[in-house]
Each structure stands twice: as structure tokens, then as C-alpha cells.
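The next block holds one structure in the form of C-alpha cells; read it before the comments.
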2 protein chains.
Amino acid sequence: MPRRHDPDRRRRIIDAAIRVVRRAGIAGLSHRTVAAEADVPLGSTTYHFATLDELMVAALRQSGEGFCRVVAAREGLTDPGGDLAGELAAALGEWLAAGRAGAELEYELYLAALRRPALRPVAAGWADDLAALLAPRTDPLTARALVALMDGICLHVLLTGGSYDEEYAREALARMIP
Amino acid sequence: MPRRHDPDRRRRIIDAAIRVVRRAGIAGLSHRTVAAEADVPLGSTTYHFATLDELMVAALRQSGEGFCRVVAAREGLTDPGGDLAGELAAALGEWLAAGRAGAELEYELYLAALRRPALRPVAAGWADDLAALLAPRTDPLTARALVALMDGICLHVLLTGGSYDEEYAREALARMIP
DNA sequence: AGGCGATGTGTACGCGCGTACACATGGCTC
DNA sequence: GAGCCATGTGTACGCGCGTACACATCGCCT
């Protein structure tokens, strides 16, 4: 019995997809699991997203702003005399402290681009956005390298299951800044 | 009929698994696809590797030495006065130049550790091995940071589909070295 | 020689998957 | 208000999957 004209059906499906990935990983993502999570019929998910790639692109778009938002929210970043490395290391810590789940989610979608060309533009855009945030404070090469270093540090924390060493991150990031 | 007493059945199954991941990604890995690739019956793969996790651990162990080997083969690294950053950037270039396929394979297995705790010790060991190679030339913190930076640079190349800029990598790595 | 455990083989079951399609229904245009 | 199209719904099919298990065969130990 119809819940006809559900204007943000799409949005609710994307939200459900994000929750599914958060809980079960990309391997657990299917039209059916998303349908169940969003409490819509199977046909509805296939109607709005013909392929899982489309659904992942939408999910990556929506969830990917997480870290950028954390970074952008740091006022210290805009201050020209501020401690850039310290601010970035702190942002990283803040993001990781929010729990493995959130970070894992964003990273898993991010890393899925390795095998799914459809996700690459979104992933690349993400890295570019971050670099753009850094642009006012440094040259493009440094910004790019800082983003790469932050990605590598995150990767090590998440991959090895170890804890985040903010002081180490600050020191490493500081060396990148000429 | 039977190919009885096949002494390195195990090894051949692992090799087949690596070829499957290289071609189709981890998503394409199953007892059946591996059995077909290795030309052994299904039961044989389940006998030697009860779960796919076991199979992936074996595959990661065997394939993961790729980059370490490239790095270790560079004589310039052991030379105390050599250009460490330049050597590392060149090693990265050599590894990536061997084709996306090889790098994608190793990275995909490496990144799978994000969601599969069983792979984490292997992935962590991999990063440690690399850091150990660098140890004679720098302090531990720097070695760790260099590995993180190399991981981040690789990630960006593979994720964005862009090309590798060795000069940029050399410059960034050089800044890490005090 | 005998036997036993490790290894190899074939088949079956139940499940969740993507996909396809036919049908219902609501909003919008004319 | 008639009709059309976007949207929503339910069901079915075929496939590949992990798993389980019974049976064959071999190596090796006594």
C-alpha cells in the first residue's frame, strides 16, 4: 500500500546505503540490503539506481565531505601566522577520534575507486577540495604533498589498527612545509 | 582421472588466486573462480583454504613483497651518501611503471585489510619491512613518515588515474629527511 | 602387508544476488 | 477530466556463491 509520492525517496536510499556500508562494508552493499535498510521495496532501489556503481557514487558524494568539513571548520587554518602543521594534525586527530566507523566508511568508499573508474572523479575531486583548502597557505606542490601525507598516515592508522600519534603527524607535516 | 599427489597444489592455488585478483579484483575472488583458474576441482580449494580470508592472507603474503623487492634492489639506498629521496622516488616510479595491474593487485590486497582484521598483521608487517629497509639511513620517525608519504603518493596516482610525477615525489620525500 | 590419516574429488543444498518485467498509481499538462 | 509519463510495487528467473559431506586414493608408519 503505497506511500505514493515520496519526494526524497532518493535521499533516503542514499542514507540507507551509507549506513549499510558503515555496518557491513562495500561487500555487504546490494540493492536488497539497501532496500531493507531504507524500508522500501526492492524495485524502488533498482529504479532510482540502476547499478550499484551509481549508488556508490551518490554515497561517496554525500559522505565524502566529512573530513573536508572538519578541516574547513578549523579557524586556525585561515590565520596566516597559525601553525598549519599543528592544525592539520589536530584535524586528523579529531576526525579519527570520531570513531573508526566514520573514518572507515569514508575511506572504504574512497578506496573503492581503485577498482571502480566510476568513482575516480569523485575521489579525485575530494583530494582536490582538500588541497584547495590548503591553497591560501602554501604553494600547490606543498598542498598536494600534505594531502598525500595525511592520506598515508590515515591509511597506516586504519590498516594496522594502531592508534593515532598526533605529535608524530605534526612533526611530519611540519617538515613538508618549506 | 586423478592427478594424485600434487605436491605444490597449495602454491598453485595461491598463484591462481593472485591472477584472479589481478584480473577481476577481490570482488571476483571465490573458491570457484580460483579453482577454475588453477584447474583443480572446487573441493580442492576449500580443502586447502577453508575460508577466503585464509586464501587472501596467503596471496597477500606472497605478492606483497613486490615493492619491498624493488626498493631493496636499489643499490643506491645502501650508499650512506646517496640521494635517499631520489632513490625512493625512482623505486616508486619503477614499481608503478611495471604497469597499473601489478600495483593495483598489491594495493588492493593491502587495502583489503581495512575491513578484514585477518589481513592487518600482514599489511602492517609489509609497512614495517619497508621501514626496516630505510632504518640504516634515517631515524625511525622519518622512516615511518617516508613510508606514509610513499603510500599516499601511490594512492593518489592509482585513485585518480593520473600519471606519476617523479620530480614532485623526490622533492616531497626530500623534505621529509631532516 | 596392513591400515590409517592426509589429501583429492564429485555432487548437492539453500541462499542472496542482479535483472527483468508486468502492473498500479499518482502528478502534471493540455 | 483525459491521458501520459514518471514513479512505485511485486514477483519470478537463472546464476554463482559458501558449505557440507560421502567417497576415492595415496603416502607413510608399524
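All values reported here derive from a predicted model rather than from experimental measurement.
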Tell me: [atom1] of [X] to [atom2] of [N], nearest whole Å?
X        : N       : atom1 : atom2 : answer
Arg10(A) : dA6(D)  : CZ    : P     : 15 Å
Arg32(B) : dA20(D) : CZ    : C1'   : 12 Å
Phe49(A) : dG18(C) : CZ    : P     : 14 Å
Leu42(A) : dC13(D) : CG    : P     : 16 Å
Asp39(A) : dT9(D)  : CG    : P     : 10 Å
Glu54(A) : dG18(C) : CD    : C1'   : 14 Å

Salt-bridge criterion met for Arg74(A) and Glu94(A) (N-O under 4.0 Å): yes
Check this for me: Arg19(A), atom CZ, are more than 12 non-hydrogen atoms of other residues, nucleotides or ligands nearer than 6.0 Å? yes
Counting only heavy atoms not in Arg11(A), do more than 12 sit closer than 6.0 Å to its CZ atom? no
Just N and O in the side chain of [X]: are any of them under 4.0 Å from OP1 or OP2 of [N]?
X        : N       : value
Ser30(B) : dG16(D) : no
His31(A) : dG16(C) : no
Tyr47(B) : dG8(C)  : no
Arg9(B)  : dT9(C)  : yes
His48(B) : dA6(C)  : no

Contact class for [X] (heavy atom, under 4.0 Å): base, sugar-phosphate, or nothing?
X        : answer
Ala36(B) : nothing
Leu52(B) : sugar-phosphate
Thr51(A) : nothing

Distance only, no hydrogens: is a donor on one side chain within 3.5 Å (strictly under) of an acceptor on the other, for Thr142(B) and Arg137(B)? no
Which value, rounded to the nearest 0.5 Å, describes the distance between Leu60(A) atom CG and Tyr110(A) atom OH? 9.5 Å
Out of dT9(C), dT19(D), dC17(C), whichever nucleotide has its closest atom nearest the side chain of Pro41(B): dT9(C)
